[in-house]
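Everything on this sheet refers to the single structure shown next.
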There are 2 protein chains.
Amino acid sequence: MANIKEIARVAGVSITTVSRVLNNHPYVSKEKRAAVLHTIEQLNYTRNMNAVHLITGRTKAIAVILPYIHFFYFSVIVEGLAREALLAQYRLILCQTDYRPEEELKVLDMLRNKEIDGVIIVSTALQPEVIEEYTAYGPIVTCQDSGERRFSSVYIEHYSAFRHGLEYLAAKGYHNIGYCEGRKHGSSSSIRQSAYRDFLAETELPFLEEWMIFDCITEEDGAAVLHRLLNMTKRPDAIIISGDHVAAGLIIEAQKHNLRIPADLAIIGFDNQPIGRLLGITTIDNQLFEMGACAFRIIHDQINGDGGPPVHLKLEYSIIERLTV
Amino acid sequence: MANIKEIARVAGVSITTVSRVLNNHPYVSKEKRAAVLHTIEQLNYTRNMNAVHLITGRTKAIAVILPYIHFFYFSVIVEGLAREALLAQYRLILCQTDYRPEEELKVLDMLRNKEIDGVIIVSTALQPEVIEEYTAYGPIVTCQDSGERRFSSVYIEHYSAFRHGLEYLAAKGYHNIGYCEGRKHGSSSSIRQSAYRDFLAETELPFLEEWMIFDCITEEDGAAVLHRLLNMTKRPDAIIISGDHVAAGLIIEAQKHNLRIPADLAIIGFDNQPIGRLLGITTIDNQLFEMGACAFRIIHDQINGDGGPPVHLKLEYSIIERLTV
DNA sequence: ACTTGCTGTGAAATCCATTCCATATTTTAT
DNA sequence: ATAAAATATGGAATGGATTTCACAGCAAGT
C-alpha cells in the first residue's frame, strides 16, 4: 500500500510538498500540486489516519458513555449528538457499558491513551469525583446535573422539574400521589426521590412506602404497575412516572381493566415521547434531543477553542398539558 | 507526558523489555518486570494507542453505518452489536449518516485509511456494487439481504416474511389488504413492495394504488394513516404495517374513532416491539437483536480469523399471533 | 542599490510503540 | 561433557504522516 514517501518519489517532489497538498497548505506551485494529485489518483493512495492521529495527537473522535442504546431516553440524546457530530465531521464512539464501572473507566482511559479527543457521559455509574480526575486528559461533558464540577454538563434540574410535576398534580386536587422510577440507584433517580419525599413532607400529603415503585424500565413494567396499584388497600389517585413509555404501558393496561384515566388515576409522564403524544399523556418535556446537541457543541468548543473553564448549561423543562391529569 | 522510552530509561531496561511487559510477553525476568511496572505506576504512564494502531495496523474499532439511531429498528440492532462488542472488547463507531451517500462513502474510506478494522452496514443508501469495491480494504457486513455479494450479510428474507404475513391475512379471510411502509425507496422496502404486488396479482385479490401508503415512520404517521383510511371510498379490511409502533399509532387512533380492531380492520405489524406486545398486535418477529449480535460475531471472526469467503446468514422470522388479526 | 516580505521547496526531526534479529546466559537432554 | 533448547535482553528498523527550519528566488518598498 502506497505511502506518502512513495507518492513523493513518483511525483518527483519532496514528502513535505505532498503533505502540503494533502492538507491544502499554501505555497505549492500549480504544477507540483497537479503532479501530486495525479500520482495520488494513480496509486489509489489514502492517508493512514493512524499516523495522522499519532503525530497530531488528535483523532476527531469522541466517546459516548451510556448503559443501553435502545431506550428512548438514551437514543434521543444520541440522536442529538450524532446530528451535531455529522455537521462537525467528528466520529462518535459508542461505548455501551451496561453501567459497569470498570468498562466506564476503560473509556475514560481512552482519553489518556489519546484515542479520543473527549468524552460525553450520557449516564454513568461512576462518582463525579472519579470523573473529575480525568479532566486532566481532555474535555468531558455529562448529560446529568452533577453540580459545579471540573467537567462540563448539560442538564435539566430534575429536582425542580419533578417538584413542578408534583405541584401540578396537587394543584389539580390530587392528594394521594404515587411515584414510578426506573433504576432505584442512579444520580438523577436519587434526585427525583428526594424531590418526591421533600414535597410530600412539606405539603403534609400522605406518603406510603409502597407508592414508590422502582425498576420501571419498559412498557411492560408500566403494565405491571397497574396490577400493583389494583392490589393496594390504599391506592394513589395520581402517579408521576419517569418515562412516557412506562406511563403508556400503565394506561393501556388500565383501559383493559376499566380504570379511567384521569378520573380514577391521574398520570404525568416524562420525556415527551411520541407514544405519549398519541395517548394524550400529560408529560414533562426535558429536551433530550437538544441536550445531546448541546453536549456535542460544548465538547466541540472545548476541543477546538481555548479549553477554558467547564460549562454548566441548564436547559428548561416544560410541562405539556394533555389529557391524563 | 511519559512515553515508553522514558519508562525504559527510568526503569533501567531496554524499550523492548518495556514493550514485553506491556504486552504480557514471556521472557522477562521477575525483577525487570517489577521495575517496569513500578515505573509505569510512578510516572502515570499509559500507551499512546495511536502509535499502537499505526504499527499494528489494527484499531479494534468497527464502524456502524445507519441513518438514525432513535428508531426502534435501528436501536435494537445496535443494542445487539454493542453487547457483543463489549464482550469482545471492540469499539463501535456510530456513523449516523442520514442516508447521505457521500457520508457513507467517507465511512467506507475509513477502512482504507486503516482507522477501523471493519464496517457494519445496518441500512444504507449505497448500491451493493459500490460497497463491494471496498471489500478489498477489510471486512464488511450488512444487515440487509443483498444477495450473493462479496461482503457478508445477516438478514431475514423480507420477501418471504412479507408474503407470509399476507398469506396469513388472506387465510383468515381478509381479502382487501392494504400496506404501510416507511421509506418508499430503500432496499428492503422495495423487496416488500414486490412481495405485496406479486402476492395480490397471483391471488387476484383487489389492488388499489391508494392502499399502498408510504412515509410511515413514526407513531403519529400511523395515526395519520387511520384518517386516510377513513376517507377512502373503498377501504381495506386488513393492513400490513412495517413497524409495530406505526401500527400502535393506527390502533390508538382507531380506538378514538370507534373503529374495531380486528373486526373493522385487521392489522399485522413488524419487529415485535414492546408496545405491540402491550397492545396485542399480531406481528412478524424479525430478530433484530440477534441480527445485530450475529453481524458483530461475523465481522469479528473475519477480522481475527482466516478472513475467508463472505458469510451469508439467514435468520428465521416468525409470526406472533395476537389479537389484531 | 538594498532591505523587507512573500512564495516555493526540501531535509530532517518528531510522534510512540512493535517486532525482527542478534547475542548472551542458563537449563535440559543425550 | 556436549549439543540442543529455553530464557533473557537490547539494538535498530519500522509504521506513515506533520512540522520546524533553512534556504533560494523574486517582487515590492525606500
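Below, all heavy atoms of this structure are taken into account, side chains as well, without hydrogens, waters or symmetry copies. Note on naming: letters A, B, ... go to the chains in the order of the sequence lines (proteins, then strands), and numbering restarts at 1 for each one. Computed from a predicted structure; not experimentally measured.
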For this session: Output all residues satisfying salt bridge (charged side-chain N to carboxylate O under 4.0 Å, His left out) with A:Arg149, sequence neighbours left out; order by chain, then residue number.
Result: A:Glu129, A:Glu132
Problem set entry | Between D:dG16 (C1') and B:Glu115 (CD): distance, integer Å | 14 Å
Exercise. On DNA chain D, nearest-nucleotide positions of B:Thr17 versus B:Lys114: which is more 5'?
Worked result: B:Thr17
Exercise. Is the base of C:dA11 touched by the side chain of A:Thr16 through a donor-acceptor pair closer than 3.5 angstrom?
Worked result: yes
Pairs under 3.5 angstrom, nitrogen or oxygen only, protein versus nucleotides 13-15 of chain C, please.
none

Exercise. What do you reckon, are the aromatic ring centroids of A:His70 and B:Phe72 less than 6.0 Å apart?
Worked result: no
Exercise. Starting at CG of B:Leu22 and ending at C1' of C:dT18, how long is that distance when rounded to a whole Å?
Worked result: 10 Å
Problem set entry | A:Thr142 versus A:Tyr155, side-chain donor and acceptor atoms under 3.5 Å | no
Problem set entry | Pair A:Ser153, A:His312: side-chain N/O donor-acceptor within cut-off below 3.5 Å | yes
Problem set entry | Any pair counted as salt bridge (charged side-chain N to carboxylate O under 4.0 Å, His left out), so long as it reaches residues 72-101 of chain A, sequence neighbours left out | A:Glu79-A:Arg83, A:Glu84-A:Arg297, A:Asp98-A:Arg100
Exercise. Taking atom P of C:dA17 as reference, at what distance in whole Å does atom NZ of B:Lys5 sit?
Worked result: 11 Å
Seminar exercise, completed: For nucleotides 21-26 of chain C, 5' to 3', base contacts (B), sugar-phosphate-only contacts (S) and non-contacts (-) with protein non-hydrogen atoms under 4.0 Å give ------
Tell me which donor-acceptor pairs under 3.5 Å the side chains of residues 24-31 of chain A have, and how far apart each pair is, sequence neighbours excluded?
unit_1, atom_1, unit_2, atom_2, d
A:Ser29, OG, A:Lys32, N, 3.4

Exercise. Any side-chain N or O of B:Tyr27 less than 4.0 Å from the OP1 or OP2 oxygen of D:dT7?
Worked result: yes
Exercise. Given D:dT18, is OP1 or OP2 found less than 4.0 Å from the side-chain N or O atoms of A:Arg58?
Worked result: no
For this session: To the nearest Å, give me how far apart NE2 (A:His25) and P (C:dT9) are.
Result: 15 Å
Seminar exercise, completed: A:Val13 has its side chain closest, among D:dA8, C:dG10, C:dT7, to C:dG10
Problem set entry | Test item: side-chain donor near acceptor, B:Arg112 and A:Asn44, under 3.5 Å | yes
Problem set entry | Rounded to 10 degrees, the angle between the two terminal axes of the helix from C:dA1-D:dT30 to C:dT30-D:dA1, each from five pairs | 30°
